[in-house]
Structure formats: structure tokens, C-alpha cells
Amino acid sequence: MSADVELNNVSVTFGSFYAAKSVNVKINGGEFFSFLGPSGCGKTTLLRAISGFQDPSEGSVLIDNKDMSGIGPNKRPTSLIFQNLALFPLMSVSENIAFSLEVRGVSKGDRQKRADELLELIALEGQGEKKVHQLSGGQKQRVAIARALAVEPKVLLLDEPLSALDLKLRQRMRTELREIQKRVNITFIYITHDQGEALTMSDRIAVMNEGEIEQIGPCDEVYNNPLTPFVATFVGENNPLFGKVKEINQNKIKIETPDGDFVSTMNENNKLNIGDDAIAFVRPESLFMPRDGDSFDNLIDVNIESFEFEGNIKNFYATLKSGTKIKFSIPNAIDTSSISSGTKLQLGFESTKSSILPKAQLAID
Amino acid sequence: MKPTYFINFMMGMYIFIFFAYLFGPLIIMSITAFNSAEFPSISPWECFSFRWFNEGKIAYDGQHLAGLLSDWRLHDGIISSLIIGAGVVSLSVPIGMAAAIVLTQVRSQLRDIYYSISIMPVLFPGVIIGISTVVLWDRIAGLGGDGFISDVGRNGIFLTILAQTCFISTYCFLIFVARLQRFDQTQEEAALDLGATQTQVFFKILVPYLMPAIASAAVIAFLFSFENYNTTVFSILSDQTLTTVIASKVRLGISPALSALALTIIALTVIAAVTYEILRRRSEKKYAQSQEIFVKEKAASGRINKEYKAGFKVPKGIVAILLILVFATYGATQIVKNDLYGQSCIDAADQEKKSKFLEQLQTLESNELTEEELSGGSLGGTEDYGDIFGDPSLFQDFGGFD
């Protein structure tokens with residue numbers, strides 16, 4: 001059983017401060033939806049508004065098309081997984097998992113049965129008698145998930161639950177979370193500042209900044225067609241090239257920068273006019289060294305400054321004619337022994353792989 | 001001598017002096033409980049005896065000196081102290097806990113004010129709390145005529161419970177505040193989110209978390225109540241607690257029965273402390289073992305040294321107990337050898353005192369004053385002191401009081 005979650009014009013204020021401002025989003029039942037944003041952007045506030053710990057100052061939260069105002073967290077069909085997990089240290093693993101059943105007056109036998117079922121779901125069979133402190137980080141994580149699932153909530157809310165784990169474990173838990181979501185088939189609402197987590201697990205993501213949603217969409221769309229400079233630079237990496245709009249025709253837009261003119265495909269919601277301040281974005285992995293016979297929509301001259309080795313890729317840092325810094329990456333499989341500091345190169349990128357957006361705040365500022 | 005030896009030596013000296021200062025009086029007092037003499041003393045040592053724990057004695061001059069077992073005033077005092085202690089615990093712990101929980105809910109500047117007001121009772125002199133309680137309840141008792149309120153308002157035990165709770169609940173409050181400061185509030189939220197009501201959150205999450213604080217607050221409250229004198233002495237009215245009984249005894253003349261009582265209380269305290277420590281260590285060990293098993297389960301097999309075995313160590317406690325036993329046996333044999341224990345010794349001592357007493361009586365009787373002595377004699381009588389103004393002309397010119 002899953003439920004739709006709808007936020008209608010939700011604002012949360014603390015004094016004169018907007019923690020969240022006029023948020024509108026409709027999350028479909030059974031969807032894995034992520035709120036992605038830097039810390040302090042208001043995503044946890046939104047989660048608390050959905051779970052019932054925080055009343056919206058304006059607007060309404062609808063779960064399953066029912067207005068949730070005045071309904072406390074213990075009466076909502078949601079379960080929240082806390083950032084610190086908030087497992088009960090004085091109880092055993094089974095007692096933790098069955099807590100929600102205990103407070104609903106379910107008999108001890110049924111509780112035990114359900115706890116055993118859930119322990120199997122999270123691959124911790126036979127470990128129900130252990131105390132919380134006897135579990136490893138990943139196991140605690142899974143117990144928290146099982147505890148939240150025990151009452152069969154319609155919506156599961158997750159507040160950066162993976163942030164305390166090390167990289168390898170985090171990657172494994174991503175897959176596991178996604179699998180659990182598919183198995184139980186309920187709505188997952190996930191909060192994170194880690195774009196990798198959001199992109200790998202979610203069906204759709206909402207990118208938040210300063211209390212407002214900047215863009216909602218499927219992961220690849222948000223990554224490939226960011227609507228604002230903030231989204232372009234927060235989700236993944238992007239090289240900004242500042243300039244002015246020179247030409248607009250059909251679905252192409254041309255920008256004039258000190259380093260040359262660049263063409264990009266036009267974004268539908270783009271409200272740019274000729275002469276407006278704009279930024280062209282191109283991702284490090286979209287910049288290529290042209291080989292014989294290659295042709296690119298845009299070409300750019302760079303002067304290599306330094307490079308770093310990251311494993312699967314190599315990152316090169318270079319300066320443009322105007323002094324603008326730019327980063328591009330090349331797969332490790334390609335031989336780059338000819339490139340060193342001071343090398344002058346010409347790079348190319350496709351118009352479909354870049355975006356030109358009105359000038360606004362960047363995430364890296 | 002290396003400087004570290006010197007420092008260690010000085011440190012040892014300091015610790016010895018410190019403990020001697022702390023426990024010296026207690027040890028001396030404990031020893032006097034076993035001396036059969038009427039007045040608590042170590043020297044002269046009469047006989048080793050348990051009489052002050054039992055019946056006491058009837059002195060050679062006919063005065064009855066009650067021992068611990070036969071002193072009914074002491075017993076009544078202990079019983080009312082226990083009742084008051086139980087009452088204070090059952091009031092102070094909930095009040096302190098409630099006040100501490102309220103503190104976690106209060107925000108802004110109000111919090112500081114609330115905190116200051118809450119801890120204020122510990123700063124008041126106990127005497128004032130005692131007197132003000134009596135004054136207040138005297139008024140209240142006066143309102144209701146002869147009924148229940150009048151009885152309650154003039155019941156010393158009831159008033160003492162209220163008066164002591166005034167400041168003891170503050171100590172409980174401080175204990176709870178310290179524990180609550182470390183409470184992870186998300187646990188409450190997690191429980192709420194899982195469907196618990198506020199009441200369930202309180203009983204299933206908060207109370208289990210506060211259990212250690214509840215226990216220590218109860219112990220502290222009881223001890224404070226049991227030993228309190230300056231508030232109790234006013235609020236107890238016509239009743240008596242252990243402390244007021246002891247105080248009145250000290251005023252009338254101290255007896256070794258008090259030493260016996262002190263030793264009993266010390267022994268009970270030590271036993272309780274030792275039991276607690278043993279239980280604590282046991283649970284700590286259990287926790288450590290479970291952690292060890294956990295580590296062994298988790299760690300790669302290469303990281304576990306399978307040959308490792310903890311060597312056998314003689315517990316230090318046993319050495320101490322053996323030492324005490326050896327000294328005790330030596331002392332006991334010495335006492336028996338020198339005939340300082342048992343009825344015969346006591347009889348001999350009594351006999352000696354009785355004869356001394358008789359001797360003194362006889363001396364007194366034979367010392368009847370002669371005519372010469374009554375009329376002044378060489379030193380006594382009117383000749384020296386009869387005319388205390390000396391020169392009869394001294395006040396000649398004194399005109400008298402007009």
C-alpha cells in the first residue's frame with residue numbers, strides 16, 4: 001500500500017526566516033522521490049512537515065488526498081528514519097522493530113512473528129536478541145528500516161540515513177534501499193545532500209536551494225537539462241562560461257563570451273532575450289579532445305595548468321584565453337602522456353551537451 | 001632518590017593523611033562501641049564487650065544505661081526516620097523529575113529564571129524551611145476547627161516530610177537535569193512517529209532512560225532525609241527522629257550505645273556500597289564480554305590471536321580481606337589471652353568500680369566537718385569569706401541609691 005504525497009504551497013517560517021517557501025510538489029504513490037540540496041536549504045524542514053513534527057505556517061500537506069493539518073506524527077501513515085537512526089538503546093533488536101506494534105497493543109506472539117519476518121527482509125535472521133550496541137553501522141541502518149516498516153506505513157521518510165556510513169557501505173546500502181523499496185512497494189521520500197545517492201536511487205528528484213524548489217524531474221533530465229545555474233552546478237559538476245545572448249533561432253541559442261561564441265540547444269522554459277546576461281554550462285566529461293575527422297558544434301582553446309588522478313578518470317585543470325578556469329576529465333583508458341602542464345589544446349563539445357541559462361546564483365559561489 | 005619516588009612518597013603521605021582525617025574519628029568511635037565502660041573511650045580500656053549493641057548495663061550507682069537493642073527512644077526515632085525517608089523519597093523524586101522535564105520543554109530567557117527558582121530551596125537555611133513550614137501549617141490547622149486538617153497540620157511526621165521535600169526535591173531535580181541533558185530527543189520523536197502516544201513515550205522511552213537517575217535520586221533523597229537535623233528539629237514538633245533523639249542524648253550525656261549505632265550505620269553503608277560496586281563490576285564485565293564476542297564475530301579471523309589467554313590474577317580484594325582477617329584474629333587472641341573479654345572481666349571491672357565508689361562514699365562520710373572547720377578554720381568558713389567586703393569602712397560614704 002502506497003500513498004500519494006502532495007505539498008500545496010507549503011511554507012515553514014521560524015520567526016522572520018523562511019525555512020521553506022511556497023513548496024509545491026506532488027509525489028506519486030510507490031515512487032522513490034528525493035529532495036536534494038545543500039545543508040540548510042530546508043529539506044529536513046519539509047520532511048518534518050510531512051511526518052507531522054512541524055506544522056506548515058502556510059499551505060497544506062496531503063497524504064492519500066487527505067489534509068494532514070492537525071494530525072500528529074503518531075496518527076499519520078508515515079514512518080521516519082532519522083539521520084542518527086534514533087534506535088532505542090535499551091531495547092533488543094526485536095523490541096526495537098516491534099515497538100510500533102507494541103504501542104498499538106499487538107499481542108506478544110504476533111509481534112515476535114512480525115519482527116522475525118522483518119529480520120528476514122533485512123537479512124538479520126536470528127539476531128533479534130542482540131542489543132543495538134552489538135550491531136555494526138550497516139546493520140543498525142537496516143534495523144532502523146525494519147522498525148519503520150513494521151507498521152506497514154504508506155510513506156517512508158528517510159532523513160540522510162546513509163551519511164554516517166563509509167563509502168563502500170553507503171554504496172551497498174543504496175542498492176539495498178532501492179531493492180527494499182521495490183519489494184515493499186511504498187512511497188519513499190529521501191532527503192540528501194549527496195547528489196550521487198539521489199541520482200542512483202530515485203525515480204525523481206527535487207533540487208532545493210534557500211528554501212525553494214529549483215527543479216523537479218527524473219534524474220537524467222535534471223542532470224542533462226538543468227533549469228537554473230544552481231541546479232547546473234549543484235547536481236554534478238559544471239564549467240560556467242559567462243557571456244551575453246547573441247542569437248536565438250528555433251531551438252538553438254548562441255552566447256558570446258570573451259573566449260568565443262558557443263551554441264547550445266534551447267531549453268523550453270528559457271525566457272532569454274538577445275543581449276541578456278547568460279551562462280553557458282558544459283560538464284567536464286562532455287569536453288573532448290578532437291581527433292582527426294571529429295567535428296564539434298563548439299570549440300574552445302585551453303592552456304593546461306595541472307591534472308589529478310582519480311582512478312577511473314583523470315581530471316585536467318586549464319585556463320582559457322580570458323583567464324577563466326575550466327575542468328575536464330578523460331577516462332583513464334585513454335593515453336594522455338602527451339599532455340602536461342603548459343600544453344595548449346583545443347577542446348570540443350556538442351550543443352546538445354551544454355545548456356545556456358540566465359545569469360543567477362551558482363552552487364559553487 | 002629519584003624525583004618520581006619522592007613525588008610518589010609525598011602523594012602517598014597526602015593520601016594517608018587525607019584518609020586518616022576523614023576516617024580517623026569514625027574508626028575511634030567504632031572502637032569505643034566495644035569498650036564496656038560507661039563513657040565512650042578507648043583508654044582506659046575496660047573489657048571487650050558487645051553490651052552496647054545489646055542490653056546496655058545498669059551502672060553500679062543504679063543508673064540504667066540502655067544499649068542499642070533496648071533503647072526504645074532510639075527505636076521510635078529510627079522508625080519515624082524511616083517513615084519520613086520513605087515519604088520524602090516518594091514526593092521528591094516525582095517532583096524533581098517533573099521539574100527537570102519541564103526545564104527541557106521551556107525555551108528562551110524563561111529557562112534561566114525557571115532554573116534559578118528551582119534550585120533556590122537548597123540555598124535557604126534549613127532552619128527557615130522548618131520554621132516556615134510549621135508556621136504555615138499552624139495557620140492551616142487553625143482554619144479547620146478540630147477536624148482532619150487540624151490533626152494533619154499538627155502532625156510532626158507529616159510536616160517533616162513536607163519541609164524536607166522542599167529542598168530535597170531540588171537535589172533530585174539536579175540529578176534529573178544532568179541525566180536529561182544527555183537525552184537524545186530524537187528518540188522521543190522516533191517513538192511518536194512509530195505511533196506511540198505521549199503517555200507511551202513517557203513510560204516506554206523516557207522512564208527507562210531515567211531509571212538510573214530515579215534510583216540515585218531516591219537514594220540521595222533518603223540519605224538527606226535520614227540525616228537531616230536542622231529542618232527536622234523544628235518541623236518534627238513533639239515526635240522524634242533518629243537525629244533529634246541522638247541530639248538530645250548528646251545533651252544529656254553521651255553513651256557508647258551511640259558509638260554502637262554509628263558503627264551499625266557505617267557497616268550498613270559499607271555493605272551497601274560494596275554490594276553495589278560488585279554488581280556494577282559484574283554488569284560491566286558482562287558488557288565487555290558481549291563486546292568482545294561482537295568484535296570476534298566481526299573481525300577478520302587473522303586479527304584474532306587464538307593463542308591469547310588472559311593470565312590468572314589474584315584479585316586485590318582478596319588480599320585486603322585476608323589482611324583484615326589476620327589482624328582481626330590476632331586482636332581477638334590478644335584480647336582473650338589478656339582476659340579482656342567475657343563476663344568475668346566485666347564483673348571484675350564492676351567490682352572494682354563499686355569498691356572505689358564505696359571507698360569514696362566512705363571517705364565522704366568520714367570527712368564530716370569539724371566545728372573548727374565550720375567556723376572558718378584555716379581555709380574554709382566565715383573567717384575568710386564571711387566578710388567579703390574586707391574593709392568595713394569601704395562603703396561608709398556611700399549614700400545609698402536614691
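Fair warning: this is a prediction, and the values are worked out from it, not measured in the lab. Below, chain A is the first sequence line, B the second, and so on; all start at residue 1.
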If you tally heavy-atom pairs under 4.5 Å against chain B, which of Gly72(A), Gly52(A), Pro89(A) wins?
Pro89(A)
Chain B interface, residue from Lys75(A), His133(A), Arg147(A), Gln83(A) that has the most non-hydrogen pairs under 4.5 Å:
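The answer is His133(A).
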Atom [atom1] of [X] with >12 non-hydrogen neighbours under 6.0 angstrom:
| X | atom1 | value |
| --- | --- | --- |
| Arg183(A) | CZ | yes |
| Glu117(A) | CD | yes |
| Glu125(A) | CD | yes |
| Tyr276(B) | OH | no |
| Glu227(B) | CD | yes |
| Arg281(B) | CZ | no |
| Lys66(A) | NZ | no |
| Phe18(B) | CZ | no |

Side chain / backbone / both / neither for [X] at chain B, heavy atoms under 4.5 Å:
| X | answer |
| --- | --- |
| Leu80(A) | both |
| Arg76(A) | neither |
| Ala148(A) | backbone |
| Ile81(A) | neither |
| Phe88(A) | both |

Can you name the one residue among Val151(A), Thr78(A), Leu157(A) that meets side chain to side chain contact (heavy atoms under 4.5 Å, CB included) with Asp193(B)?
Thr78(A)
Closest non-hydrogen atom pair, Leu194(B) against Phe99(A):
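For Leu194(B) and Phe99(A), the tightest heavy-atom pair comes out as CD1-CD2, 3.9 Å.
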Hey, is the main chain of Leu192(B) close enough, under 3.5 Å, to the side chain of Asn74(A) for a donor-acceptor pair?
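No; judged by distance alone, with no hydrogens or angles, the pair does not exist.
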Heavy-atom side-chain proximity of Lys204(B) to Glu102(A) below 4.5 angstrom:
yes
Please state whether the side chain, the backbone, both or neither of Gln187(B) comes within less than 4.5 Å of a heavy atom of chain A.
both
If you count heavy-atom pairs under 4.5 Å with chain A, which of Asp184(B), Ile205(B), Thr197(B) comes out on top?
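Option with the greatest count: Ile205(B).
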Look up atom NZ in Lys131(A) and atom OH in Tyr287(B), then write down how far apart they are to the nearest 0.5 Å.
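Those atoms lie 11.5 Å apart.
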